[in-house]
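Okay, structure first, notes after.
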Amino acid sequence: MRRYGKNPDEDDIRVRPNPKGNRPRTNIRPKHADAGEGLVLTVDRGRLTCLIDGRTVTAMKARELGRKSAVVGDRVAVVGDLTGAKDTLARIVRVEPRTSTLRRTADDDDPFERVVVANADQLAIVTALADPEPRPRLIDRCLVAAYDAGLDPLLVLTKSDLASADSLLESYGALGVPYIVTNRDELADGSAADRIRAGLAGRMTAFVGHSGVGKTTLVNALVPEHRRATGHVNAVTGRGRHTTTSALALALPGDSGWVIDTPGVRSFGLHHVDPSRVIHAFPDLEPGTAGCPRACSHDEPDCALDEWVTDGHADPARLYSLRRLLATRERREGD
Ligand SMILES: Nc1nc2c(ncn2[C@@H]2O[C@H](COP(=O)(O)OP(=O)(O)OP(=O)(O)O)[C@@H](O)[C@H]2O)c(=O)[nH]1
Ligand SMILES: [Mg+2]
Ligand SMILES: [Zn+2]
């Protein structure tokens with residue numbers, strides 16, 4: 001019997017016979033040369049669902065991983081029973097280096113970072129135009145997190161059947177973030193999904209936002225064979241009900257990319273963010289920082305960017321947008 005360490009569910013594990021048969025027993029730790037390559041699709045109380053050669057395999061962390069954890073989007077090496085048969089449990093022996101790590105903290109003073117998703121290359125910031133009310137501070141925070149982690153942001157504004165997108169789009173115009181506006185009718189006739197798909201092709205896109213903004217509704221429209229539960233927004237509080245409780249990666253039809261539905265967040269803490277990394281997302285401003293004092297926050301009187309803009313090297317609206325984003329860490333979310 002293989003040992004899985006001190007797991008409360010140990011008794012539930014039924015190890016199936018090794019399909020490769022009588023491998024000699026050895027005390028030397030195997031090098032896992034025969035490990036399967038998996039993609040973590042979802043995590044539920046220590047059980048990770050991995051996609052391996054088209055099969056979904058349930059696995060848990062091997063003890064040798066120690067405190068290292070695997071999250072949705074991680075590429076992992078998996079050993080054991082990889083058939084995906086019911087009641088089998090494979091082991092994750094390695095988490096491959098990540099191309100990106102999207103983190104958040106519960107709030108800005110909280111040093112405890114949670115990884116939202118690994119290896120995503122695009123962040124769809126989903127905001128309802130009404131019901132729940134849009135909160136630009138959260139959008140700003142998600143933008144900062146995306147820039148910090150090296151993900152391309154995509155603004156998805158839902159429920160335009162309830163309110164206009166004009167003023168929000170105006171305030172984000174200078175940032176040049178690509179955006180998509182959707183509404184109920186376009187969801188019903190499939191045109192919303194078609195337009196969004198074009199922005200997702202070939203990418204791994206994580207959908208984030210407050211509860212009730214319509215993340216799961218969009219993901220369901222994009223991956224029609226998959227139906228996750230969606231929830232009504234409370235008519236009195238205007239808040240969502242936190243219907244989605246775990247992140248889930250889904251392949252778009254025709255191998256045209258991946259979408260990751262995530263649970264609604266109340267806040268997006270930026271404790272981990274290094275403001276000096278955010279400037280990299282502003283290639284038009286970055287050269288202007290050459291004349292800045294050491295460790296310039298780019299939001300202080302001696303910052304060289306004011307002169308850079310006054311001298312006509314970049315659009316003042318861009319500097320204003322950068323500073324608004326940098327200031328979002330200093331402000332409280334509800335402001
Ligand atoms: N009027 C209108 N309602 C929408 C639209 N998109 C989604 N909804 C509704 O908004 C509600 C919440 O949608 P969900 O998809 O569950 O929201 P979510 O962002 O996944 O919420 P959590 O899982 O709680 O984070 C549902 O009642 C949807 O039918 C839209 O474009 N217009
Ligand atoms: Mg949801
Ligand atoms: Zn500066």
Side-chain angles (χ1 to χ4, degrees), residues 42-44 72 102-110 112-117 123-146 153-169 171-172 177 179-188 192 196 205-222 226-248 250 259-271 324-325 328-335:
T42 193
V43 182
D44 182 16
V72 174
L102 179 69
R103 298 184 173 86
R104 75 178 181 95
T105 56
D107 82 60
D108 291 350
D109 306 326
D110 179 2
F112 180 73
E113 294 174 16
R114 49 207 90 196
V115 177
V116 184
V117 294
L123 186 66
I125 304 166
V126 187
T127 304
L129 293 160
D131 196 17
E133 282 306 302
R135 287 206 268 157
R137 286 283 84 77
L138 185 78
I139 303 178
D140 289 348
R141 284 162 170 278
C142 291
L143 284 169
V144 171
L154 171 69
L155 206 51
V156 181
L157 304 177
T158 62
K159 313 197 189 187
S160 72
D161 47 306
L162 302 179
S164 159
D166 292 352
S167 67
L168 257 189
L169 288 178
S171 62
Y172 286 95
V177 180
Y179 64 88
I180 295 170
V181 183
T182 65
N183 60 45
R184 172 150 276 165
D185 289 346
E186 291 176 350
L187 280 169
I196 295 175
T205 306
F207 284 63
V208 300
H210 281 307
S211 177
V213 296
K215 299 178 293 296
T216 303
T217 304
L218 289 173
V219 167
N220 284 345
L222 291 162
H226 196 89
R227 286 259 153 249
R228 284 199 115 184
T230 58
H232 285 285
V233 173
N234 184 306
V236 180
T237 62
R239 291 206 180 149
R241 292 166 195 250
H242 292 276
T243 309
T244 305
T245 54
S246 58
L248 173 69
L250 291 164
V259 287
I260 303 176
D261 187 19
T262 69
V265 293
R266 290 182 182 85
S267 61
F268 210 104
L270 298 174
H271 181 86
R324 194 181 68 188
L325 293 188
T328 192
R329 250 193 96 198
E330 315 303 324
R331 274 187 234 131
R332 299 215 349 211
E333 198 133 326
D335 296 352

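Positions are given from 1, in the same order as the sequence printed here. Computation of the quantities below employed the complete heavy-atom set of this structure, encompassing side-chain atoms and omitting hydrogens, waters and symmetry-equivalent molecules.
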>> Given 3.5 Å as the limit, does a donor-acceptor pair link the side chain of S211 with the main chain of R241, or not?
In response: yes
>> The criterion is side chain to side chain contact (heavy atoms under 4.5 Å, CB included); which residues satisfy it with Y179, sequence neighbours excluded?
In response: L155, L169, V181
>> Going by the rule side chain to side chain contact (heavy atoms under 4.5 Å, CB included), which residues pair with A128 if we only count those two or more places apart in sequence or in a different chain?
In response: P132, T158, K159, V213
>> Is it the case that the side chain of T205 and the backbone of V259 share a donor-acceptor pair, with hydrogens and angles ignored and the cut-off at 3.5 Å?
In response: no
> Partners of R114 by salt bridge (Lys or Arg N to Asp or Glu O under 4.0 Å), sequence neighbours excluded?
Replying inline: D110
>> According to side-chain hydrogen bond (donor to acceptor under 3.5 Å, both in side chains), who are the partners of T244, at least two apart in sequence or on a separate chain?
In response: T216
> side chain to side chain contact (heavy atoms under 4.5 Å, CB included) with S171: which residues, sequence neighbours excluded?
Replying inline: L168, R324
> R103 side chain to E113 main-chain N or O, any donor-acceptor pair under 3.5 Å?
Replying inline: no
>> Tell me whether R141 contacts the main-chain N or O of T328 through its side chain, where contact means a donor paired with an acceptor under 3.5 Å.
In response: yes
> Just by modelled atom types, is the V219 backbone N or O under 3.5 Å from a matching donor or acceptor in the D261 side chain?
Replying inline: no
> Can you list the residues that meet the side chain to side chain contact (heavy atoms under 4.5 Å, CB included) rule with E133, with sequence neighbours excluded?
Replying inline: A130
> Under the side-chain hydrogen bond (donor to acceptor under 3.5 Å, both in side chains) test, which residues partner T42, sequence neighbours left out?
Replying inline: none
> Residues two or more places apart in sequence or in another chain: which of them pass side-chain hydrogen bond (donor to acceptor under 3.5 Å, both in side chains) with D131?
Replying inline: none
